[in-house]
Each structure stands twice: as structure tokens, then as C-alpha cells.
Amino acid sequence: MNWAIGLVMFVGAVGLSVIGIAGMLMSNHLFRMVLALAVAEAGANLLLILAGYRWDAAAPILLPGHSTQAMVDPVPQAMVLTAIVIGVGVQALALSLVIRVRQHYATLDMRVARQRMQDALDQAAGVVPPRSQEGPAGERPLPAPTRTIEAGGPHD
Amino acid sequence: MRNIATLLLLGGLSFLLLVITGGLLFGNPPMLIGQGIQQAAPTEVGAANIVTAVVLGYRGLDTLGELSILFAAATAGGLVLGSTRGRSGRPGGFILRTGVDLLFPLMLVAGLYVVMHGHLTPGGGFQGGVILAAAFFLPLLARPQESLDHTWLSVIEALAGSAFIALGLAALFEGRAFLTPLFDHGVLGALVSSGSLPLLYLAVGLKVGAELASLLVRLSADDEGAS
Amino acid sequence: MTDVTLAVVLPLLGAFLLPLTAHRGLHWLGMLLGPALLALAALLLFATWTAFESPYAIALGGFAPPLGITFYVDLLGLLFALAVPLTSLLLWPGGSDEAAIRQQSLTLLLAAALTGMALSGDLFNLYVFYELAAVASYGLAASSATGPAFVAAFRFLLISALGSVVTLLGIALIYFKTGTLNLAHLATLSERLADPQGLAAFAMLLIGFGVKAELFPVNAWVPEVYAATGKRVAALLAGLASKLAVLAVVRILLLVFPHDEARQLLLLLGTLGVLSGELAAWQARDVTRMLAWSSIGQLGVVLVAFSLPGKAGLIAGVTVAMHHLVVKSALFLLADRWGGAVDRLKGAATASPLGAALFVLFALSLLGLPPLPGFWSKYLVLSGLAEAGSGMQHLALGVILLGTVIEGGYLLRIITRLYAAPERDIVPPAHRFPNLFASGLLALLLVAGAILIDPLWQGLNTLAASATDTQVYVQTVLGGKGITR
């Protein structure tokens, strides 16, 4: 029975990390990439918590009268607390960058935003991008950011 | 095509990770430092909650680093979003406004309680700080026009963070290592116990609360006309 | 009061207090606070350096070593730690408006985090400081507040956050197998990690810390960020931050994973970095991105050097890393006004003869022209590779030589433009004085390195001898001899 619980836990931790990592690599939607990051972090934190788990052990808090009981390893719990707070900070910063990217390029699609960035960098550097010889891509003026523009379809 | 590639990646990655984690021992950790900390913590630190002893005592520098990371995120968020943005939106309805007014003092008390009992029960500066941040953010949902005073937030941010460092430096000036817990341990399990840990957690709670509140306010503000 | 923890804590305190100076009439204090604290940190580290006798450990919080976090003070750590406040002082962003104060605050946080990475002797503490450095650099990358900077910073954040998740998984694996985090304690348990799981954990840590070290598969952010942000920030990230990330990898490699497979992995990724970086730099047509890609190539050489076993590898690695720190910071400073297309640089030497001369000096040292330190650093790596002898090392040797040839090609392309006749009387802009001054100082350092090659060699030998001796590290930390308090 114990090995089954262990298997479920490991599958959960690995599954969350893999789903998150795949989401970050595969998605092109800025906001979904941030969500995928949150999922991946949850997976890593779960694995870290599992590293300190002991069968038949209590939470690492000393209560009067229970001082002899076995307790789980407190160190991974402290590490996970740290990792969660770090994750919150990073995600908040990521969201503020998403807000700014959307205001500047009126898109939430990473491919479009990246293309615009490359064009802007090429232009600032005075390098003619190779693809502009084939077509006028990237030469359009940027549309003003408005509420109606929604980048990335629902199935993107 | 894209879906198949995704599936292949997902499958490969999870297979690899499962093989790696499959051989791990679950439920019987080596606990080389965990065991030592469990035995030494009650006498060395005197906190009933051993996780707190680890967070503020044994790994206190990590906690300082973590506070700095939150501060860095808030500062970088301020740099990215700027702080001169206006707020707009309709005020909330009667129920929302009354509910927020009722909840605000309760959340304040709950947050402070969680912060002050961090060395005895599950909870502490981070958890309590988040409750405090939510308490100060809720009124903004009900009355979007009223803005939180950024000056006060940044003063609390700066002073709470400096207080944490000052408590660490006080030990250094006494000739001990940085962040050595100060004062007597007191009685294990009493509210006033485990030396300077409650003070450290108070600093953490205020810092986290101010940091998260300013991040939330910045993220919820909107620019003139846009979005 | 010469506790080196102050070198980490004082910049942190300064970063916390700096925003307060924005509100009141305290601008003068704000202008002084950051540089003063960095100078103090540098003085403190320098005093520790001169008074250094033997390695010692500091038990933070006063808890006995395997339980609490330790700082480990040896010559290797002190050298890199000393480089942090000095370089950040040289690349200090001035100004006293709100955005400038935030940027200075982030620079202080970055300096504190990097100093911490140089000194820390704890795996998870290394991760925390690494994350602090990473978050501060996201902010700095976005500090120019333009559209491209926001996109570049977001991509940097995502790649780096992916690396952090992978690092956390690696730390969890190590904790599963050993139940400890102290590097010295892990060094005594390194046999437990000498299996495929251990190697996987090392690969995960390498990918995670490698993001800032511009390691081969996770360096896509480099050219965009350096092109989109201010050149002082680019110099800080390419010159300084990458070196400290490399140092973290080296500490982990030396202490926790002294296995051949781990070294092979580092060698492989380093070689791929050299090849891909130099080829992409050849393709680049503007100076900034050329320098960015070439810095990927040179960090590849650094990683290859550190993958060599024993004292020779460490000496070669430290030399290449320090040389790259000086040269790449200076080149980015000089690229501040000359960052555009290479063709725009025609006649730049007439506008700024000193700037052009400095550029040539740094470029030649980067290539490895004999009297300059760059030659010795490359020579050490190549001779080390030739001696180490297996097929992999010879391949890396060939790749580095090929990389040098490519490097010569694109650097000469810039230099010939600098001294060409200006086109249609359009003269490229001259340098701003602070940048010229800072790169001039770095040039003096470079020339001093060329002249003082003998004492430097002696110093490097003692440094490497103590840094590669794992036994000394373990006994100092766990034996209780070298612990202060």
C-alpha cells in the first residue's frame, strides 16, 4: 500500500513539473506561459516536500506531552516556504512585464511580440533585416493598444 | 503535427523524470541534518515550531535572501510599471463595500495573530503577511478611486527590511555571527519565547505585507485610457 | 569588525533604504549611499584578502556547520567576491530620479547576491542568492523601459524561471539521496551521488545555474537582452553575473560531483557553446549582438577550462574568467555609442581616437595576442586540453582554435571599419566621458596584468592549490578548526 502512495506522489510531482515545463515551451500565449510557470513550480515544490516525508511521523511542531513522537524533516518544509515566496515574486514581475508588452505591441502572442522586438532592435541598430527584402513584414505601423484586440485565439 | 510533438516531449520528459525519481526512497529520508536540527532546536533556538526554527534560525540567511527577492520583484515591478498610474472603475456595490468594511479589521487581527504565533503554530511572517496584504488590498476592490498611499508602503518596506538586518547586525556587534538569535529562549511554547524570533517574524510579516500590497496595487492599476 | 558577511549585508541594507531617499529632500544622500556602501564592501573584502592566512568558515547564526548555513572564505571565493563591488562601482548607474533610484537599488541587490554566491557554502543558499541575482537582473534588463526591453526581459525571465524549476528538482533529488545541503557535508557523501540519478541532479543544477552563465542550451536570451538594454547593464550581466554563476557551478563540481561524467558533461556543453556562439557572432551585423554572441563563445571556453581536472584546470578557468570579466565589461562600455551596425562605424577612430585605441587593445587581448593576458589565458586552456589527452578534449581544442579564427575574423571586421575613412562626412558619435574613463581603468588593469605576469602566476598557484583541495574544505567546515564562532 505504501509504495502505491509513493507512486501517486511521485507521479503527481513529476506530472506537474512536466506539464508546466511543456506549457512554457509549447505555448505562445504570454499569460499562459506565466500560468505554466506556476504549475511547474508547484511540481518542483511537491517533490521537495516529498524529500522530507516520513511514514507515521507528525508535523515538526513540539506540543506539550508529544515530545517523543517521530517528526518529518523540517528542512524541506522551510525550503519550500522560501521557494514559494520566490515564485510569487517572480510571477508578479512576469505579470507586470506582460502588461507592458501588451501595451507596447498590442499582442499577447509571443511569436508576434518577438518578431516586433527583433524588427525594432534591427532598426535601432541600423541593420536591414534579411526578411524585409522578401516582404514588408514588420514595416506596418503598430496599432494603438485598445481593448478590442485579443491576441491568440482560444485554441492557441 | 504540433500536438504530436507536444505529446512526444511530454511523454519523454515524464518518462525520464519518473525513471530518475523511481529509484528514490520515499518515506524514509536520510534526514542527516533534519535529525540533528530536531534534537538541537528546542535548546538552541527554543521555538516550538521547528520549521520556524529552521526558517529564522538555522537558515535565517535564506529568509533574508527571500525578503530581498520579494523586494527586488516589487522594485523591478515599480520600474516596469511606474508608480504614477491612475486608477479608475466603478465603486463596488453596497454588499461589497459593507463586507469589506466588516472584514478589514478581522483580517488585520487574523494576520497579526498568525504573524505573532509563528514560532508556536503553523504560520508565521509569510502567511500572516499575505493576510495583511489582502486586508489592505480589499478596500481597493470596493473603492477603486481611493489609492493606497505608496509613500507609507515604501516606508514600511524599507524599515521592516532594515529591522531584520539590524537584528542580525546586533548579534554581529556583540561579537557573534550575523543573525544569531538574541535574548533568552524563555519557556518552550510560551508566547514570549524563543528570543528574537518573534521580532524577526514581525519584521518579515510587515515586509511581506507591504511588498505584496504594493505589487497588487501596481498590477491592478491601469494606465490612462489603455486596457 | 572585518566580518565578510558585512560585504553581503551592507549592500542589502542600502538597497532597502535607498527608496526612502526619493521622497524627502535627501537626493544627495541617495547619490552617495550606494557607491559608499559598495566601496565599503570592497574595502572590507580587500582587508580580508590582505590579512588572509588560511581558509576559514563562518557559521551564520552561530549554528554548528552541517545544520546551519556556512560561508566559506578562501582565496578563490574572495577573488570573485572582490570583483563584485569593484565592477558594480565601475558600472554604477547614476541619476537621482525615481527610476534611477530603483535601478540603483536593483544594482545593490545584484551586488549583494553575487557576493553571497561567491562566499556561500550551502547548496540551497546558493540557489536563493542566484534567484536574487536573477530577479534583480530581470528588473535591470527591463530598465530602459522600451518595448523590445520588455519583451527581452520577459523571455529572459521565462528561460531563467524554467532553469530555477529544474534547479529545484535537482536540489530535491540531492536532498532525497543525501539529506543534507551543506557543500562540505555533501562532499563527504559524494559517493552516494556517483550514479545516474546523481548525474541527472548535476545536469539539472548545471542547466539552472547555466542560464546566467550563458550555457549552451539556455542562452537564447543573451543577444536580445544585451541589445535591448543599457550597455552598462549588459556589461554587468555579461562581465560579472555570468562569472559568479560559473563559480557556483565550479564549487558544486569540485565538491559534490568529482566524477568524470560530470566533467565530460561540462566539457561537452562548453564546446557546443564555443561553436554556436562564435558562429552566430560571425553572422551578426551589429556590434552589440556580435559582442553578445561572442560572450557566449568565451563563456564556453571558461566552462571548458573549468572542466579540466585538478589544479591546471582551475588556474586556466580563473584566468579566462577574470580576463573575460575585464575585457567584456570594457567592450560593452565602448559599445554604448557604437552599438549599431558595423558599417556605421566607418571613421569612428577620427571622432574618438582614444576609444578606438582602447577597443583595439581589448579586441587583441580577447583574440590572444602574445604580450597581453588574453594570450596566457588561452594558452593555459589549450595546453591543459592537449595534456588531458582524450578524444573529447582534443575535439574541444580544435573547436576553440577554430573559434579563435572566427573571432579574429569578426573583430578585425570592426577594427578595419574603425580606421576606415568616414563616409559622406557622417562621423560616428564620440564616447561619453564616464564610459571612456571606466574602460580606461579596465585597460590599465589589463596592461598591469600583462606586466605583473610572474606574481600573478604565483598567486594563482596558491589560490588553485587551496581551492582544489576538497579535504581542506571539508575539514575546515566540518572539523570545527576553522570555524569562527
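Chain A is the first sequence line, chain B the second, and so forth, proteins listed ahead of strands; every chain is numbered from 1.
- When each of C/Thr146, C/Val135, C/Leu158 is checked for heavy-atom pairs under 4.5 Å with chain A, C/Leu158 comes out on top.
- Proximity to chain C is limited to the side chain of A/Met24, based on heavy atoms less than 4.5 angstrom apart.
- Only the side chain of A/Ile86 has a heavy atom closer than 4.5 Å to any heavy atom of chain C.
- Only the side chain of C/Ala142 comes within less than 4.5 Å of a heavy atom of chain A; its backbone N, CA, C and O stay farther away.
- Note: A/Asp73 leads A/Asn45, A/Asp73, A/Val14 in heavy-atom pairs under 4.5 Å with chain C.
- Rounded to the nearest 0.5 angstrom, C/Phe150 CZ and A/Ile99 CD1 are separated by 11.0 Å.
- Here OH of C/Tyr138 is found 8.0 Å from CG of A/Leu93. Values are rounded to the nearest 0.5 Å.
- C/Leu169 and A/Ala44 get closest at one heavy-atom pair: CD2-CA, 3.8 Å.
- By number of non-hydrogen pairs under 4.5 angstrom with chain C, the leading residue of A/Ile49, A/Leu37, A/Val34 is A/Leu37.
- Here the closest non-hydrogen pair linking C/Tyr175 and A/Pro76 is CE2-CG, 3.4 Å.
- Closest non-hydrogen pair, C/Ala172 versus A/Ala51, comes out as O-CB, 4.1 Å.
- Residue C/Thr167: no heavy atom, backbone or side chain, is found under 4.5 Å from chain A.
- Between C/Phe176 and A/Tyr53, the gap from one ring centroid to the other reaches at least 6.0 Å.
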side-chain contact (heavy atoms from CB on, under 4.5 Å) between C/Phe124 and A/Thr82: does it pass, once the steps are laid out?
CA-CA 10 Å; C/Phe124 194 72; A/Thr82 308; 3.9 Å; yes
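- With a 4.5 Å cut-off on side-chain heavy atoms, A/Val101 and C/Arg155 do not count as touching.
- Taking 4.5 Å as the limit, every side-chain heavy atom of A/Met79 sits out of range of all side-chain heavy atoms of C/Tyr127.
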Please step through side-chain contact (heavy atoms from CB on, under 4.5 Å) for the pair C/Thr288 and A/Leu121, ending with a clear verdict.
CA-CA 10 Å; C/Thr288 313; A/Leu121 288 181; over 6 Å; no
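- Neither the backbone nor the side chain of A/Ala36 has a heavy atom closer than 4.5 Å to any heavy atom of chain C.
- Within the 4.5 angstrom heavy-atom criterion, atoms from both the backbone and the side chain of C/Ala152 approach chain A.
- Listed here is the closest heavy atom pair of A/Ala94 and C/Leu157: CB-CD2, 3.5 Å.
- For the side chain to side chain contact (heavy atoms under 4.5 Å, CB included) criterion with C/Val151, the lone passing option out of A/Gln118, A/Arg116, A/Met117 is A/Met117.
- Residue A/Leu30 touches chain C through both its backbone and its side chain, counting heavy-atom pairs closer than 4.5 Å.
- Put simply, of C/Ile171, C/Leu162, C/Leu173, the one with the most heavy-atom pairs under 4.5 Å next to chain A is C/Leu162.
- Residue contact with chain A, scored on non-hydrogen atoms closer than 4.5 Å, is absent for C/Ile159.
- Residue C/Asp286 holds its CG atom at 7.0 Å from CG of A/Asp122, rounded to the nearest 0.5 Å.
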